Amino acid sequence: MHPPQSEQSDTARDETAAAPPRPGRIERLVAAVPPYVWPAGLGVTGLLGATLLHFVDPNQPGIYPTCPWLLITGTFCPGCGTMRAIALTTQLDITAAISMNPLLFLLLPYILWAYVRWFSWTIRPPRTPPKLTPGWFLWGMFTVITAHWVLRNLPWFSFLAPEVPLFPGW
């Protein structure tokens, strides 16, 4: 005999709930992509962006969008001047690039190290799980970025603002 309708639907619901969800089309496509494609794609995108900044001057008004933070508050964010700094770096004017955003050049070694590590780990994954970044380092980065953000908007530290030379005579 067949169980009553309510018992049969409860059993079907339990089997449906216990079954793992099937991955969707996007999840299957992402899983099919080799892992090294993501850092390689980011690297190519970065090089294309730097090439665009080399040939299309970010100092020309109306070409690139204005920083939303600067537009709303009238103060500089930690990233203000980064596009102009990258454009000047592609033209090998390093001192002018540093004066656009000194924080970028302070963090550049860490950014490059993290990118190379990510790329190498996608090609040859580590045998043991990687160690977490120490909390003191993360708090230090947070402190440096926040201090740069606040100080570059104070009149005594105006040399940290974009387009102001860090040292007289630069």
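Since this is a predicted model, take the numbers as computed values, not measurements.
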Item to complete: Determine, stepwise, if the pair Gln60 / Ile63 fulfils side chain to side chain contact (heavy atoms under 4.5 Å, CB included).
Response: CA-CA 6 Å; Gln60 299 297 323; Ile63 296 176; 3.4 Å; yes
So which pairs with a foot in [range] pass side-chain hydrogen bond (donor to acceptor under 3.5 Å, both in side chains), sequence neighbours left out?
| range | answer |
| --- | --- |
| residues 32-48 | none |
| residues 129-143 | none |
| residues 79-94 | His54-Thr90, Thr82-Asn101, Arg84-Glu163 |

Worksheet item: Do you know the tightest heavy-atom contact between Pro162 and Cys80?
Response: CG-O, 3.7 Å
Worksheet item: Tell me, which pairs form a salt bridge (Lys or Arg N to Asp or Glu O under 4.0 Å) where one or both residues lie in residues 51-70, sequence neighbours left out?
Response: none
Worksheet entry | Sequence neighbours excluded - salt bridge (Lys or Arg N to Asp or Glu O under 4.0 Å) pairs with any residue from residues 120-129 | none
Using links of under 4.5 Å between side-chain heavy atoms of ILVMFWY residues, direct or through other members, which residues join [X] in one cluster?
| X | answer |
| --- | --- |
| Ile72 | none |
| Val44 | Leu48 |
| Trp149 | Trp69 |
| Leu29 | none |

Expected list for residues 109-120: side-chain donor-acceptor pairs under 3.5 angstrom, two or more places apart:
unit_1 : atom_1 : unit_2 : atom_2 : d
Tyr115 : OH     : Pro39  : O      : 2.6
Ser120 : OG     : Val116 : O      : 3.2
Ser120 : OG     : Arg117 : O      : 3.0

Worksheet item: Taking atom CD1 of Ile26 as the centre, does the number of heavy atoms from other residues, nucleotides or ligands within less than 6.0 Å exceed 12?
Response: no
Practice prompt. Not counting sequence neighbours, list each pair that qualifies as a ring pair (Phe, Tyr, Trp, His ring centres under 6.0 Å) and has a residue in residues 72-103.
Written response: none
Response to the item:
The side-chain contact (heavy atoms from CB on, under 4.5 Å) partners of Pro125 (sequence neighbours excluded) come to none
Discussion item. Apply side chain to side chain contact (heavy atoms under 4.5 Å, CB included) to residues Leu88 and Ile94 and explain how you reach the verdict.
Written reply: CA-CA 7 Å; Leu88 289 166; Ile94 304 301; over 6 Å; no
